[in-house]
Q: 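Sharing a structure with you now.
Worth saying up front: this structure is predicted, and the values here are computed from it rather than measured. Residues take their numbers from the sequence shown, with the count starting at 1.
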Amino acid sequence: MRNLYGILILLVLAIPSCVRHSYPPLLITADSLCSTCPDSAMHMLDSMKDSCRAMDEDALWYYRLLCVKAADKAYIKHTSPKEINEILNHYEKGGDSRLLPAAYFYAGSVYRDLNDAPQAVEYFQKALEYVPEKDLRMKSRIYN
């Protein structure tokens, strides 16, 4: 009986580490729109600017990454690396690890826009290191 309690306690402690973070549905919708209608995604994200203060920290970082992604997809040239560097710093130090390859990819895109090809290539290579083997879509975007 004592072993059963021990196993139950271990299961209860292990379950949260298996659960992935779920983001607000509006952010997931905006993420989907980035690829097909980046202007609509930017408008949606802009309209969420005030309400994002109520989001948890992970959702707020995802929101910031989506703003960079939407601007990139809309072919708006980035003028400063400040925002993406803060986002990248967050994901490198323990944010949602599933978003780290995307953060590296968009860091590469920002530096490409700033005509800093060596830095852009470095970030694209880091994105390749962290992208899951099965994520062929992200790999093709990185190589492109």
Side-chain angles (χ1 to χ4, degrees), residues 5-144:
Y5 288 122
I7 291 172
L8 287 174
I9 289 172
L10 285 174
L11 283 174
V12 168
L13 293 174
I15 288 175
S17 66
C18 298
V19 176
R20 292 183 173 228
H21 185 36
S22 62
Y23 295 104
L26 284 176
L27 288 180
I28 294 172
T29 302
D31 193 358
S32 296
L33 281 173
C34 282
S35 298
T36 56
C37 304
D39 293 333
S40 297
M42 287 179 61
H43 178 69
M44 182 180 225
L45 290 166
D46 192 45
S47 69
M48 295 172 58
K49 190 178 281 189
D50 293 333
S51 64
C52 73
R53 292 185 185 120
M55 295 179 194
D56 66 23
E57 185 179 355
D58 286 336
L60 184 57
W61 284 106
Y62 183 45
Y63 168 83
R64 291 176 71 180
L65 179 62
L66 288 178
C67 289
V68 172
K69 178 180 181 178
D72 188 68
K73 295 290 187 175
Y75 299 105
I76 296 172
K77 262 190 158 260
H78 303 281
T79 57
S80 169
K82 183 178 184 243
E83 179 70 4
I84 195 62
N85 285 338
E86 289 177 7
I87 293 167
L88 193 53
N89 187 40
H90 167 74
Y91 286 114
E92 286 177 330
K93 292 186 177 177
D96 187 346
S97 62
R98 295 173 299 158
L99 296 175
L100 183 59
Y104 279 129
F105 175 78
Y106 288 108
S109 295
V110 167
Y111 281 96
R112 179 198 59 220
D113 286 352
L114 298 172
N115 296 319
D116 187 349
Q119 188 66 54
V121 169
E122 183 179 325
Y123 283 125
F124 288 137
Q125 288 173 336
K126 282 186 179 182
L128 280 173
E129 289 176 27
Y130 289 95
V131 71
E133 194 65 34
K134 294 181 180 181
D135 193 351
L136 299 178
R137 180 172 289 165
M138 177 59 105
K139 283 185 173 189
S140 68
R141 287 175 38 215
I142 294 167
Y143 283 122
N144 191 22

Q: Would a 4.5 Å heavy-atom cut-off, applied to side chains only, mark R64 and E86 as touching?
A: yes
Q: Is any side-chain heavy atom of L128 closer than 4.5 Å to a side-chain heavy atom of I142?
A: yes
Q: Distance only, no hydrogens: is a donor on one side chain within 3.5 Å (strictly under) of an acceptor on the other, for Y23 and D31?
A: no
Q: Give the minimum heavy-atom separation between L114 and P81, together with the two atoms involved.
A: CD1-CD, 3.6 Å
Q: Which atom names give the shortest non-hydrogen contact between A59 and L27, and what distance separates them?
A: O-CD1, 3.5 Å
Q: From Y75 OH over to D39 CG, what is the distance, rounded to the nearest 0.5 angstrom?
A: 11.5 Å
Q: So, do K73 and Y106 sit near enough that their side-chain heavy atoms are less than 4.5 Å apart?
A: yes
Q: Passes side chain to side chain donor-acceptor pair (under 3.5 Å), Y130 versus D135? Steps please.
A: CA-CA 10 Å; Y130 289 95; D135 193 351; over 6 Å; no
Q: Please round to the nearest 0.5 Å and tell me the distance separating atom NZ of K139 and atom NZ of K134.
A: 11.5 Å
Q: Of all heavy-atom pairs between A103 and L65, which one has the smallest distance, and what is that distance?
A: CA-CD1, 4.0 Å
Q: I'd like to check L100 versus V131 (side-chain heavy atoms, cut-off strictly below 4.5 Å). Are they in contact?
A: no
Q: Any ion pair linking D46 and K49 (charged N to carboxylate O, less than 4.0 Å)?
A: yes
Q: Can you tell me how far apart OH (Y104) and CD (E129) are? Round to the nearest 0.5 Å.
A: 8.0 Å
Q: Short question: side chain of S51, backbone of M48 - any donor-acceptor pair under 3.5 Å?
A: yes
Q: To check you understand the geometry: which heavy-atom pair defines the closest contact between L66 and A30, and what is its length?
A: CD1-CB, 4.5 Å
Q: Answer whether the closest heavy-atom distance between the side chains of L26 and Y63 falls below 4.5 Å.
A: no
Q: Considering all heavy atoms of both residues, which atom of G108 and which atom of A120 are nearest to each other, and what is their separation?
A: O-CB, 3.3 Å
Q: Where do L99 and Y62 come nearest, in terms of heavy atoms and distance?
A: CD1-CD1, 3.6 Å
Q: Is any side-chain heavy atom of P118 closer than 4.5 Å to a side-chain heavy atom of D116?
A: yes
Q: Rounded to the nearest 0.5 Å, what separation is found between the OG atom of S22 and the CG atom of D56?
A: 8.5 Å
Q: So, F105 versus F124, ring centres under 6.0 angstrom or not?
A: yes
Q: Quick one: pull up OG1 in T29 and CE in M44 and give me the separation to the nearest 0.5 Å.
A: 5.0 Å
Q: Side chains of H78 and I84, heavy atoms from C-beta outward: is any pair under 4.5 Å?
A: no
Q: OG of S109 to CG of D72: how many Å apart, nearest 0.5 Å?
A: 4.0 Å
